Number of protein chains: 2
Amino acid sequence: MLPTAAAGYELDPKQPIGAQVYGLLKRMIIGLTFKPNEALSEKELALRLGVSRTPVREALIRLADETLVDVFPQRGTVVSPIRVAEVMEAQFLREALEAAVVRRAAEQPSPTLIRDLSRLIDDQRHAATAGSPEDYMPLDEAFHRTISEGTGMPRSWRLIQSVKGQMDRVRFLSLPNKAHMLLLTDQHAEIFKAIETQDPDRAEAAMRHHLKQVLKTIQELAAEMPAIFA
Amino acid sequence: MLPTAAAGYELDPKQPIGAQVYGLLKRMIIGLTFKPNEALSEKELALRLGVSRTPVREALIRLADETLVDVFPQRGTVVSPIRVAEVMEAQFLREALEAAVVRRAAEQPSPTLIRDLSRLIDDQRHAATAGSPEDYMPLDEAFHRTISEGTGMPRSWRLIQSVKGQMDRVRFLSLPNKAHMLLLTDQHAEIFKAIETQDPDRAEAAMRHHLKQVLKTIQELAAEMPAIFA
DNA sequence: CGCCGGGATATGCCATGGTAGTATCTCACA
DNA sequence: TGTGAGATACTACCATGGCATATCCCGGCG
């Protein structure tokens, strides 16, 4: 368990606590610091984070909306198990959203979008060759976020994020190695090239192919470690 | 303004208050009981609904996640204006989601889905000929929800709902007449037929055509009543 | 007359106390 | 030994109070 006043997870009192707690808990759930089916008590969390129960509760409500936690009224709150059916649905919905967005991005890409994506791919290649998954995952996230927001669709990224959580836990189970990160970067480059050359069909196809990577891993993982899944 | 302890909006103390307040406020915002740009005070709402500020606050947080209200820290909370760009994005995202879902529905429609949709269309035809928009809108909602949930994708309906709010306010501005409701029902019937005959392409096309109805109205409305829009 | 500053007011934000409901554990009893 | 009923210890839920901060208004100064 975490020590009281969890070291390294200091909160900035100058910013809204509730939002910070939400982000913190979400990262800890996705990063499997909190294991699936683990009980989360409002009171205990508040104690450990050094805040009151109110912002913790608000964060848990938002996490429940994303089905990252299951709230049982008057009984307790637990980290939701990784439900295979739900991960599959999340994958399906994310693909539908990102395919549509990247298609639009490829129709009329803005110069700043081209520039930002190009830079991100360079960064990813460096992080991948260095072999550091901790540095790579934020860059992967930034790539997809940039496509949404750089195409003038900020809401789409919010939606994608809200379904991505379940999938990210699965991705965390299969530690990406250097070869894997390079493969992902190549797929990003392929998507980028389709956007740059304004080829919507190619962009959509590349995105769908890219996102299907996750599906390949979950099936075998479900067989390996059944305790974590529903 | 509403009288204290708003008549007709009684809350059931036996069920979670926060969730009830959320649903109530959402309906009132979509139904334009609360006008765009209208200030919403936690304290005042709590007073009128006869509950404490805590569940009201929780409801407002969830509404803020759907961008139905804008929360300005330490300043106040207002019903979000109808931003044309946001409605367009919501339309785009909803179309992407529902097109994907209805396509899957048409691939392997379950017998119960066929039966439920068939019944809903009958009900809609009755409500439309009776000319009662209040009765029709829930049936319209149920049609789309049934497709999602009847295809084993409950999460998709949650997502669709979260973007639908902005669009529903626009729909509420243009009171649907009897002819309009009959037209919508015909489009539902077309979608249904495509599902029943397991024709994914036709189902997707029919759904996209159906959803584009909203876009036709918003442009002229934005010109008519600019005060409501952003 | 216009600009600037200080105080009063209102807001959302966080902390805390009390309550109703549920699960578990214990102990008496069959 | 198995069983059931009651006490207990948790939980999430709602209510309430205090706080920091942003805004507005109004008076004074340039």
Side-chain angles (χ1 to χ4, degrees), chain A residues 1 4-6 9-25 29 34-81, chain B residues 1 4-6 9-25 29 34-81:
Chain A
M1 285 293 191
T4 307
Y9 291 117
E10 305 289 328
L11 298 178
D12 180 2
K14 281 300 174 188
Q15 293 181 359
I17 304 287
Q20 293 185 71
V21 173
Y22 163 74
L24 179 58
L25 291 182
I29 291 174
F34 290 133
K35 302 265 184 299
N37 292 313
E38 182 175 342
L40 296 180
S41 162
E42 287 182 2
K43 188 179 294 186
E44 186 182 329
L45 285 175
L47 201 64
R48 305 205 166 187
L49 297 177
V51 299
S52 95
R53 307 194 307 275
T54 304
V56 172
R57 174 174 169 72
E58 293 171 359
L60 288 178
I61 289 176
R62 297 180 61 183
L63 291 171
D65 281 338
E66 301 179 23
T67 67
L68 283 176
V69 303
D70 295 332
V71 178
F72 300 94
Q74 314 298 350
R75 286 197 288 152
T77 302
V78 299
V79 178
S80 69
Chain B
M1 286 292 190
T4 307
Y9 291 116
E10 305 290 329
L11 298 177
D12 180 4
K14 281 300 173 189
Q15 293 181 357
I17 305 287
Q20 294 184 70
V21 172
Y22 164 74
L24 179 58
L25 292 181
I29 290 174
F34 291 134
K35 302 264 184 302
N37 293 311
E38 183 174 341
L40 295 181
S41 161
E42 287 183 2
K43 190 177 294 187
E44 185 182 329
L45 285 175
L47 200 64
R48 303 202 169 193
L49 296 177
V51 299
S52 97
R53 305 196 305 276
T54 303
V56 172
R57 173 173 172 72
E58 293 171 358
L60 289 178
I61 288 175
R62 298 180 61 183
L63 291 171
D65 280 339
E66 301 180 23
T67 67
L68 284 175
V69 302
D70 294 332
V71 178
F72 300 94
Q74 314 300 347
R75 285 197 285 153
T77 302
V78 299
V79 178
S80 69

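First the proteins, then the strands, lettered A, B, ... as listed; each starts at 1. The figures that follow rest on heavy atoms only: side chains count, while hydrogens, waters and symmetry mates do not. All values derive from a computational prediction rather than experimental measurement.
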Student: In this structure, how many angstroms lie between the P atom of D:dC13 and the CZ atom of B:R53, rounded?
Tutor: 19 Å

Student: Is a donor on one side and an acceptor on the other found under 3.5 Å between the side chain of A:Q20 and the backbone of A:Q15?
Tutor: yes

Student: Could you tell me which residues satisfy side chain to side chain contact (heavy atoms under 4.5 Å, CB included) with A:E42, sequence neighbours excluded, listed by chain and number?
Tutor: A:R57, A:L60

Student: What range of DNA chain C does chain A touch, first nucleotide to last, counting atoms under 4.0 Å from its heavy atoms?
Tutor: C:dC14 to C:dA23

Student: Return the 5'-most residue of the pair A:G18, A:P73 with respect to DNA chain C, ranking by each residue's nearest nucleotide.
Tutor: A:G18

Student: Let me know which of B:T77, B:V79, B:V71, B:L68 forms a side-chain contact (heavy atoms from CB on, under 4.5 Å) with B:L63.
Tutor: B:L68

Student: What parts of residues 55-68 of chain B reach DNA chain C, counting only heavy atoms under 4.0 Å away?
Tutor: B:R57

Student: For A:Q74 and D:dC10, give me the distance from atom CD to atom C1', rounded to whole Å.
Tutor: 12 Å

Student: Expressed in angstrom and rounded to an integer, what is the separation of B:E42 atom CD from D:dC14 atom C1'?
Tutor: 14 Å

Student: Which residue, B:K43 or A:P16, contacts DNA chain C at a nucleotide closer to its 5' end, judged by nearest heavy atom?
Tutor: B:K43

Student: Rounded to the nearest angstrom, tell me the gap between atom CG in A:L40 and atom C1' in D:dC10.
Tutor: 15 Å

Student: Rounded off to whole Å, could you give me the CD1-to-P distance for the A:I17 and D:dA20 pair?
Tutor: 14 Å

Student: Would you mind reading off the distance between A:R75 atom CZ and D:dA12 atom P, rounded to a whole angstrom?
Tutor: 11 Å

Student: Identify the heavy atoms of B:D70 and B:P81 that sit nearest to each other, and give their distance.
Tutor: OD2-CD, 3.7 Å

